[in-house]
Amino acid sequence: MMPTTPLPSPARTDRADLVAQLARNRTYDIAVVGGGATGLGVALDAAARGFSVVLLEANDFAKGSSSRATKLVHGGVRYLAQGNISLVREALHERTTLLANAPHLAQPLPFVMPAYRLWEVPFYGIGLKLYDALAGKAGLGATELLGRAATLARIPGVQAQGLKGGVQYWDGQFDDARLAVTLARTAAAQGALLLNHFPVETLLYQDGRVSGLVCRDAESGQSHTISAGCVVNATGVWVDTLRAQDSAAAGQTAQALVSPSQGVHLVVDADFLPGGHALLVPHTADGRVLFAVPWLGKVVLGTTDTPRPDASAEPKPFQEEIDFILGESARYLRRAPRASDVRSTWVGLRPLVRPQASPGAAGATKKISREHTVLSGPGGLVTVTGGKWTTYRAMAEDVLAHCADEKLIARRPAGATNVLRLVGFPEAGRATVSIGAAPGAHLYGSEAPLLQALPGADTWLADGLSEAMVRYAVRHEYARTVEDVLARRSRLLFLDAAAAGALGPRVAEILLEEGVATPGLDGFLALARQFDATPHTGT
Ligand SMILES: Cc1cc2nc3c(=O)[nH]c(=O)nc-3n(C[C@H](O)[C@H](O)[C@H](O)COP(=O)(O)OP(=O)(O)OC[C@H]3O[C@@H](n4cnc5c(N)ncnc54)[C@H](O)[C@@H]3O)c2cc1C
């Protein structure tokens, strides 16, 4: 038998060690506040360029918007319709990069737009051929104009009555929260220190310039002081809180930068959309876009776009948003999903950037694109917000360019993350199982065999979730609570909230065995009820 090379052990994420590291080194080139897609992207890019980096996340990585996306890695067909070519081109480039660097978590997916009027096939077909042309070599597959029979063959669950044909095009899909944790782990492998459950409470100033911060260990209550040449505020829809502190330090008042907009998703069983293709309705009755996306063995339906200025950590859906998604799904799916078919409901907040009336008043402003904004406050705090998951890497490069322009860090060449394989990159260079399929060890990529070495490898708690995966989440993936495990390492809360609630007590026991003192079971059970309860109110 051929000798096999032992797999490298994945780095441990023991809390006590991470906190001890924080206590040891109190001076960094860059301190990043916020562990969503944006902050994690900045931390990874900076660490890959050799800067010393610390990242602090108040709750868990991807607890905010970054676990609540529609799960599309996309150029943005919508922006194409708006004529924003450069934005689409950038996102298509980033789509290629992400699919290449993390094939276990981000993969191509065919989408079909069903047409109920004959002109829609050539109309949408031409637009999507332009999308292909913009993608160029980065294209994932050619757009095809489909007749009625071919459309029904690809999306057998579509409403057949009145169907004239369809258009198939290609984009990507991903597991957003697992990608976030993977970015954190990849950044750590590049030398960054990352801590979750560690809110940043105060910014520190020296000679009127931000020079560090005070953060608090949410588990022990202990405060820590960090010095940094550059502090990056990547707190998503919450960026205005730290911006207000930065302006107040200079005796100014910050103008709000973000207008949060809420998007609701409903999850139903896979048999509502068989065939492995996503469905896109480009123009709903009230002019919105509706997606039905096969994801981790279920189907995600969404989304909405409702102003939500209160920016709660756990926003709740409005009944009319649920009615809208169910109503539109009923128009386009052969079998209309009812409220009682909904397995989970989640709500995310888009960090939409307001136009700044007088940027000079807030300090040097640099609008990078319509999608994301990087800006310095009067005390030197660098804020980044807006954009989308797909472009997190390009946003990180823009942030580091801005920090170098502002002389907060040395200028080092961009591109360090272009071909940087993320943790778990599969040895074969490609995934063997689709993200659309039920979850399982395949989502761990090259690390899948390592699960086998842990206790409980063959004890299955739910479909695709073994006891070993829970232990792995604590030992190697920064998980500290039942919610961290069941919402973001496993996605069970997002797939089937009742099943996740039922599993909570057992997961809490395993966390206790793994040395976690307060697994937060009660809080998780309340959250599971929220994810589960709303859709059933109408039944
Ligand atoms: C409904 C919806 C659908 C979407 N669909 C897609 C899609 O399909 N594809 C796509 O590419 N993009 C999509 N997006 C966009 C994408 O999800 C967001 O642009 C992205 O997740 C924003 O990431 P972020 O890191 O800026 O914010 P967040 O993910 O919200 O991260 C900010 C983090 O900062 C932390 N924080 C706040 N205050 C503090 C503090 N004081 N100290 C420490 N930490 C703090 C929060 O806990 C949070 O984790 C969607 C967004 C929504 C809302």
Side-chain angles (χ1 to χ4, degrees), residues 69-81 88 91-92 95 99 106-135 139-174 265-285 287-303 325-337 390 434-437:
T70 311
K71 322 302 180 200
L72 309 181
V73 187
H74 60 156
V77 173
R78 229 168 358 125
Y79 307 114
L80 188 64
V88 176
L92 285 170
R95 183 184 74 175
L99 266 53
Q107 299 161 6
L109 177 69
F111 288 69
V112 174
M113 285 188 193
Y116 292 88
R117 285 170 289 195
L118 268 179
W119 61 264
E120 287 175 339
V121 177
F123 179 78
Y124 292 120
I126 288 167
L128 287 164
K129 296 250 183 207
L130 175 61
Y131 195 58
D132 289 357
L134 282 176
L140 301 173
T143 291
E144 291 174 64
L145 308 190
L146 308 175
R148 177 185 155 86
T151 304
L152 283 169
R154 289 176 208 201
I155 39 171
V158 76
Q159 177 57 261
Q161 201 181 356
L163 184 75
K164 302 285 190 253
V167 182
Q168 177 182 302
Y169 73 100
W170 287 81
D171 246 325
Q173 75 169 154
F174 72 131
H265 295 92
L266 308 181
V267 172
V268 296
D269 285 341
D271 52 10
F272 282 94
L273 188 70
H277 291 62
L279 183 151
L280 165 60
V281 176
H283 203 79
T284 57
R288 291 192 251 181
V289 172
L290 183 85
F291 285 101
V293 182
W295 186 68
L296 297 180
K298 300 277 184 202
V299 173
V300 176
L301 305 172
T303 180
I325 296 173
L326 289 176
E328 288 297 319
S329 302
R331 291 180 61 203
Y332 293 96
L333 294 179
R334 189 190 292 254
R335 208 176 124 219
T390 307
S434 151
I435 301 277

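These numbers come from the heavy atoms of this one structure, side chains and all, not from hydrogens, waters or symmetry mates. Everything numeric here is computed off the predicted structure, so don't read it as measured data.
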**Request:** Please confirm whether the backbone N or O of Gly127 pairs with a side-chain atom of Lys129, one donor and one acceptor, at under 3.5 Å?
**Result:** no
**Message:** Name the residue from Leu109, Val299, Leu279 that meets the side chain to side chain contact (heavy atoms under 4.5 Å, CB included) definition with Val293.
**Reply:** Leu109
**Interatomic distance, Phe174 atom CZ to Leu99 atom CG [nearest 0.5 angstrom]** = 10.5 Å
**Prompt:** Can any side-chain N or O of Tyr131 pair as donor or acceptor with the backbone N or O of Gly75 at less than 3.5 Å?
**Reply:** yes
**Request:** Could you tell me the separation between the CH2 atom of Trp295 and the CG atom of Leu273, rounded to the nearest 0.5 Å?
**Result:** 15.5 Å
**Request:** Report yes if the side chains of Phe111 and Val77 come closer than 4.5 Å at any heavy-atom pair, otherwise no.
**Result:** no
Let me have the donor-acceptor pairs involving side chains of residues 146-162, under 3.5 Å, with sequence neighbours excluded, atom names and distances please.
residue, atom, partner, partner atom, Å
Arg148, NH1, Ala160, O, 2.8
Arg148, NH1, Leu163, O, 3.2
Thr151, OG1, Gly147, O, 2.8
Thr151, OG1, Gly166, N, 3.1
Arg154, NH1, Glu144, OE1, 3.3
Arg154, NH1, Glu144, OE2, 3.3
Arg154, NH1, Gln168, OE1, 2.8
Arg154, NH2, Glu144, OE1, 3.3
Gln159, OE1, Gln161, N, 3.3

**Item:** Under the ring-ring contact (aromatic ring centres under 6.0 Å, His included) test, residues paired with His74 that sit two or more places apart
**Value:** none
**Request:** Just do the side-chain contact (heavy atoms from CB on, under 4.5 Å) check on Thr390 and Leu72 with the steps written out, would you?
**Result:** CA-CA 8 Å; Thr390 307; Leu72 309 181; 6.0 Å; no
**Message:** Given Ile325, which partner from the list Leu301, Thr284, Thr303 fulfils the side chain to side chain contact (heavy atoms under 4.5 Å, CB included) test?
**Reply:** Leu301
**Fill in**
Separation between CG (Leu280) and CG (Leu290), nearest 0.5 Å, reads 8.0 Å
**Prompt:** At what distance, to the nearest 0.5 angstrom, does CZ of Phe291 lie from CG of Asp171?
**Reply:** 7.5 Å
**Side-chain donor/acceptor of Gln107 to backbone N/O of Gly436, under 3.5 Å** = no
**Message:** Using side-chain heavy atoms (C-beta onward) and a distance below 4.5 Å, is Val281 in contact with Arg331?
**Reply:** no
**Prompt:** Hey, mind stepping through Leu140 and Arg95 against side-chain contact (heavy atoms from CB on, under 4.5 Å) and telling me if it holds?
**Reply:** CA-CA 10 Å; Leu140 301 173; Arg95 183 184 74 175; 3.5 Å; yes
**Request:** For residues Val268 and Pro337, report the shortest heavy-atom separation together with the two atoms involved.
**Result:** CG1-CB, 4.0 Å
**Asked** Partners of Arg335 by salt bridge (Lys or Arg N to Asp or Glu O under 4.0 Å), sequence neighbours excluded?
**Response** Asp271
**Request:** Measure the shortest side-chain to side-chain distance between Leu128 and Met113 over non-hydrogen atoms and say whether it is less than 4.5 angstrom.
**Result:** yes
**Request:** Please round to the nearest 0.5 Å and tell me the distance separating atom CZ of Arg288 and atom CD of Glu328.
**Result:** 8.5 Å
**Item:** Minimum heavy-atom distance Pro114-Tyr332, with the two atoms named
**Value:** CG-CD2, 4.4 Å
**Request:** For side-chain contact (heavy atoms from CB on, under 4.5 Å), just list the numbers for Gln173 and Val73, CA-CA rounded to whole Å, side-chain angles, deciding distance to a tenth of an Å, and then say yes or no.
**Result:** CA-CA 5 Å; Gln173 75 169 154; Val73 187; 5.6 Å; no
**Message:** Would you compute the distance between atom CG of Leu130 and atom CG of Leu134 and round it to the nearest 0.5 angstrom?
**Reply:** 4.5 Å
